[in-house]
Amino acid sequence: MRQWLEGLEARKGLDHLTDASRRLVLGSYGILLALMLYRGLLVTTDGNPLVPLVAFVLPLVLFLPSIIARRPRGHAWLSFVSLLYFTQGVMVATLPGQGLRGTAEALVSLALFTGCMGYARFRSRQLRAG
């Protein structure tokens with residue numbers, strides 16, 4: 001895997017790979033955030049209706065400063081958090097009538113994981129080289 005990534009870096013260049021992974025992070029982050037907002041609004045509770053919304057959205061929003069500041073370490077941590085959303089999406093996909101929503105959540109969180117890991121690697125190398 002390491003050799004493949006180093007070959008990809010040599011062929012495409014760090015600038016191109018960093019920009020491509022950044023676009024993937026921004027797109028998948030926005031879609032996952034929208035899916036979690038929608039899911040938080042669907043869940044009903046007897047108490048405060050904002051609790052499910054905050055529970056689904058807060059972990060993503062906490063990483064917004066790292067995304068805006070383009071910090072590789074924050075992207076690496078976000079990739080690990082995205083795996084929780086992947087697991088949740090797979091579990092939701094097994095529920096009757098929720099297959100499409102769960103599959104979408106799992107795929108988008110997998111894209112976020114891939115983009116974040118790529119960005120963390122390529123941006124770190126970019127910063128070390130420059």
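By convention here, the first residue in the shown sequence is residue 1. These values consider heavy atoms only, across backbone and side chains, with no hydrogens, waters or symmetry-generated copies.
- Note that CE of Met117 and CG of Leu78 are 11.0 Å apart. Values are rounded to the nearest 0.5 Å.
- For the atom pair CG (Leu107) and CD (Glu105), the distance works out to 10.5 Å, reported to the nearest 0.5 Å.
- Pairs of residues two or more places apart, or lying in two chains, that qualify as side-chain hydrogen bond (donor to acceptor under 3.5 Å, both in side chains) and include a residue from residues 108-124 are Glu9-Arg121, Arg123-Gln126.
- Taking every heavy atom of both residues into account, Ala120 and Pro72 meet most closely at CB-O, 3.5 Å.
- By the rule that hydrophobic residues join a cluster once side-chain heavy atoms approach within less than 4.5 Å of another member, Ile68 and Val57 end up as members of one cluster.
- Residues Ser28 and Val108 come closest through the heavy atom pair O-CG1, 3.3 Å.
- Atom CG in Leu112 sits 9.5 Å away from atom OH in Tyr85 (nearest 0.5 Å).
- Shown here is Leu95, whose CG atom has more than 12 heavy atoms of other residues, nucleotides or ligands within 6.0 Å.
- Leu83 is not connected to Leu35 by any chain of hydrophobic side-chain contacts under 4.5 Å among Ile, Leu, Val, Met, Phe, Trp and Tyr, and they are in different clusters.
- Interatomic distance, NE2 of His75 versus OH of Tyr29, reported as 10.0 Å (0.5 Å rounding).
- Tracing side-chain contacts under 4.5 Å through hydrophobic residues (I, L, V, M, F, W, Y), one reaches Val81 starting from Leu33; they form part of the same cluster.
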Gln98 and Arg39: CA distance, side-chain angles, deciding distance, side chain to side chain contact (heavy atoms under 4.5 Å, CB included) verdict:
CA-CA 11 Å; Gln98 301 295 322; Arg39 181 149 187 229; over 6 Å; no
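- No single ILVMFWY cluster, assembled from side-chain heavy atoms under 4.5 Å apart, contains both Leu53 and Leu84.
- A donor-acceptor pair is defined here as one N or O able to donate and one able to accept, closer than 3.5 Å; such a pair exists between the side chain of Ser79 and the backbone of Ala76.
- Going from atom CG of Leu32 over to atom CG of Leu60 covers 5.0 Å, rounded to the nearest 0.5 Å.
- Residues Phe56 and Leu58 do not share a hydrophobic cluster, clusters being chains of Ile/Leu/Val/Met/Phe/Trp/Tyr side chains in contact below 4.5 Å.
- Between the CG atom of Leu14 and the OG atom of Ser21 there is a distance of 10.0 Å, given to the nearest 0.5 Å.
- Taking the side chain as every heavy atom from C-beta outward, Arg71 and Pro65 approach each other to under 4.5 Å.
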